[in-house]
Student: 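Questions regarding the structure given below will be posed in turn.
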Amino acid sequence: MQRILVIDDDPAVTSVLKRSLSYEAFAVDTAGSGEEGLAIARDRYPDLVILDIMMPGMDGMETLRRLRGGDAHLPVLMLTAKDAPADQV
C-alpha cells in the first residue's frame, strides 16, 4: 500500500484529502504544520507528500527544502490558494 503524507494547517483540507485518498486504498498520514510533517516523514517514509505552501510557522517552501534534504526524489504536490500565475508556477 502506498503512503501519502498530507501537510496542511487547515483541518478541513486534511480531513477531505485523508477520507478521499483512504477510500482509494492509500495509507494517509496528516500533519497540521511543517514541523509535524517532517517528523512524520522521517518515521513513516511517504511515497508522496501533498504540501500546503502557506502555513504559519514553517511555511511550505521551507518544509519542502527540508524534505528534499532527506530525499531529493520524493514526489511533492504543492497546494496553494494563491491565484497569480507566478505563484502557481
Student: Apply side-chain contact (heavy atoms from CB on, under 4.5 Å) to Ala27 and list each qualifying residue two or more places apart in sequence or on a separate chain.
Tutor: Met1, Arg3
Student: Only counting residues at least two apart or in another chain, list the ones meeting side-chain contact (heavy atoms from CB on, under 4.5 Å) with Glu62.
Tutor: Met58, Asp59, Arg65, Arg66
Student: Does any part of the side chain of Thr30, heavy atoms only, come nearer than 4.5 Å to the side chain of Val28, both counted from C-beta?
Tutor: yes
Student: For Asp9, enumerate each residue passing the side-chain contact (heavy atoms from CB on, under 4.5 Å) test, keeping only those at least two apart in sequence or located in another chain.
Tutor: Asp52, Met55, Pro56
Student: Any pair with a residue in residues 39-49 that passes salt bridge (Lys or Arg N to Asp or Glu O under 4.0 Å), sequence neighbours left out, goes on the list, sorted by first then second residue, please.
Tutor: Asp29-Arg44
Student: Look at the side-chain heavy atoms of Ile, Leu, Val, Met, Phe, Trp and Tyr, link any pair under 4.5 Å apart, and say whether Val6 and Ile53 land in one connected group.
Tutor: no
Student: With Leu38 as reference, evaluate Leu5, Ile7, Thr63 under the side chain to side chain contact (heavy atoms under 4.5 Å, CB included) test and give the passing residue.
Tutor: Thr63
Student: Is it the case that over 12 heavy atoms from other parts of the model lie below 6.0 angstrom from the CE atom of Met61?
Tutor: no
Student: Taking all heavy atoms of Pro46 and all of Leu74, pick out the closest pair and write down the distance.
Tutor: O-CD1, 3.3 Å
Student: With sequence neighbours excluded, tell me which residues meet side chain to side chain donor-acceptor pair (under 3.5 Å) with Arg68.
Tutor: none
Student: Would you say that Leu48 contacts Val76 through its side chain, given a criterion of any heavy-atom pair below 4.5 Å between the two side chains?
Tutor: no
Student: Taking the side chain as every heavy atom from C-beta outward, state whether Leu51 and Leu79 have any atom pair closer than 4.5 Å.
Tutor: no
Student: CD1/Ile4 to CG/Leu77 distance, rounded to the nearest 0.5 angstrom?
Tutor: 8.5 Å
Student: Identify every side-chain donor-acceptor pair in residues 11-22 under 3.5 Å, counting partners at least two apart or on other chains, and give the distances.
Tutor:
unit_1, atom_1, unit_2, atom_2, d
Thr14, OG1, Pro11, O, 3.0
Ser15, OG, Arg19, NH1, 3.3
Ser20, OG, Val16, O, 2.9
Ser22, OG, Lys18, O, 2.7

